[in-house]
Amino acid sequence: MAVLTLTQLTKQYGSFTAVDHIDLTVEDGEMVALLGESGCGKTTTLRMIAGFTAPTSGEVALDGRVLNAIPSYKRNVGIFFQNYALFPHLTSYDNIAFGLKLQKLPQAEIKTRVEEILRLVKLGELAKRFPRELSGGQQQRVALARALVTRPHVLLLDEPLSNLDAKLRAEMQVEIKRIQRELNITTIIVTHDQEEAVSLADRVVVMRCGKILQTDTPQNIFDRPHNPFVAEFMGYANFIPGVVEATAEGLTSILCGNKKLPVPVPAEACPYPAGSEVQLAIRPENIMLLTAEEAAKAGGLVGEIQSVTYKGISSRIEVSGLFGQTVYVNVAGYDGPDTGSVGLVFPPHRLIVYPK
Ligand code: ATP
């Protein structure tokens, strides 16, 4: 068992609060991602768990045992930081064996454990190579093996993949997930990459200014962000101001400029009474792009294309003439015009209503 609990954990540097009374429980074998922009307190949180930074207040506990007074080397935490360099003069084998030698384990046990972990990270044949003879991804796997070989109760990964190119990064994500599952190790990964967080973790914690904004499943973080900041961080690029109206059918619609957008909430269940100022959020890929004629038939809106930017898998289309602001639409395989009128449909179930 390894259940990690953070209770009202806080770190202040002078009058600046880097981590502000956060509460989090990471279940046994669970992988949780801390996600947030630079400076929001992710690394400081990991450092307090590892025992490198003393909390100003609050507790770090493992299986109910408070760790605050326990020195780092006795916490049984495996740490894998992005710039946690390998020893250049040691082979992969010796880099991995280093921590076990410090623990003064018998030679035979060290050999068994290192060989076992080398197999797990699929580096068996590279055991005798020095770091300079390994690719970036192979070096990362040695570093991961080194963090795991001591059989830590908790694994802390701080931006482990940020130095890798897109292909290696995708490969290492799969490897990390596989190893984490195989060892069933309680893990926290820090990242500022939303895709990495939602693809790797069982739950995602979005942080801002030292506080937790939302702790949720990847799907909820992606589809049901609790507030506009989480939404923006998760790629909701359109925020449209409006005023709540109750319709004759008992549904709710939002008057945005002189356009009405229905939302799938019965008027009596809408947390915002008629007349409230709100904002609607929608992801660019959730807006449907049609011709102006098709949109007129489908009850959509008509705007003007300002620009089309090819982004590989999809194109981003900037549309003006709606709500007095630019609307961004992402379309896969777009081969339409890059000027002229265009129709947009805002599927009601894709719109999220926030207070203004
Ligand atoms: P990044 O993604 O850039 O690594 P982060 O979310 O991990 O950011 P932290 O490293 O936890 O952020 O830093 C949180 C805040 O605390 C930052 O504003 C940082 O400048 C501040 N901070 C961190 N360490 C110290 C320190 N030793 N003294 C003073 N301020 C610090």
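Because only heavy atoms are used, hydrogens play no part in the values below, and waters and symmetry mates are left out as well, while side chains stay in. Just follow the structure's listing: the first ligand is 1, and inside any ligand the first atom is 1.
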Residues passing the side-chain contact (heavy atoms from CB on, under 4.5 Å) test with Pro355, sequence neighbours excluded, are Tyr272

Sorted by chain and residue number, the residues having a heavy atom closer than 4.0 Å to an atom of ligand 1 are Tyr13, Phe16, Ala18, Glu37, Ser38, Gly39, Cys40, Gly41, Lys42, Thr43, Thr44

For Leu102, the other hydrophobic cluster members (4.5 Å side-chain criterion, sorted by chain and number) are Phe87, Leu90, Phe98

Under 6.0 Å between ring centres: does that hold for Phe323 and Phe346? yes

Residues pairing under salt bridge (charged side-chain N to carboxylate O under 4.0 Å, His left out) where one sits in residues 210-228, two or more places apart or in two chains, turn out to be Asp20-Lys211

**Prompt:** Do the charged groups of Glu116 and Arg119 touch, with an N to O distance under 4.0 Å?
**Reply:** no

Check your understanding: Within 45° of the axis and under 6.0 Å from the centre of the six-membered ring of Phe81, does NZ or CZ of Arg47 qualify?
Key -> no

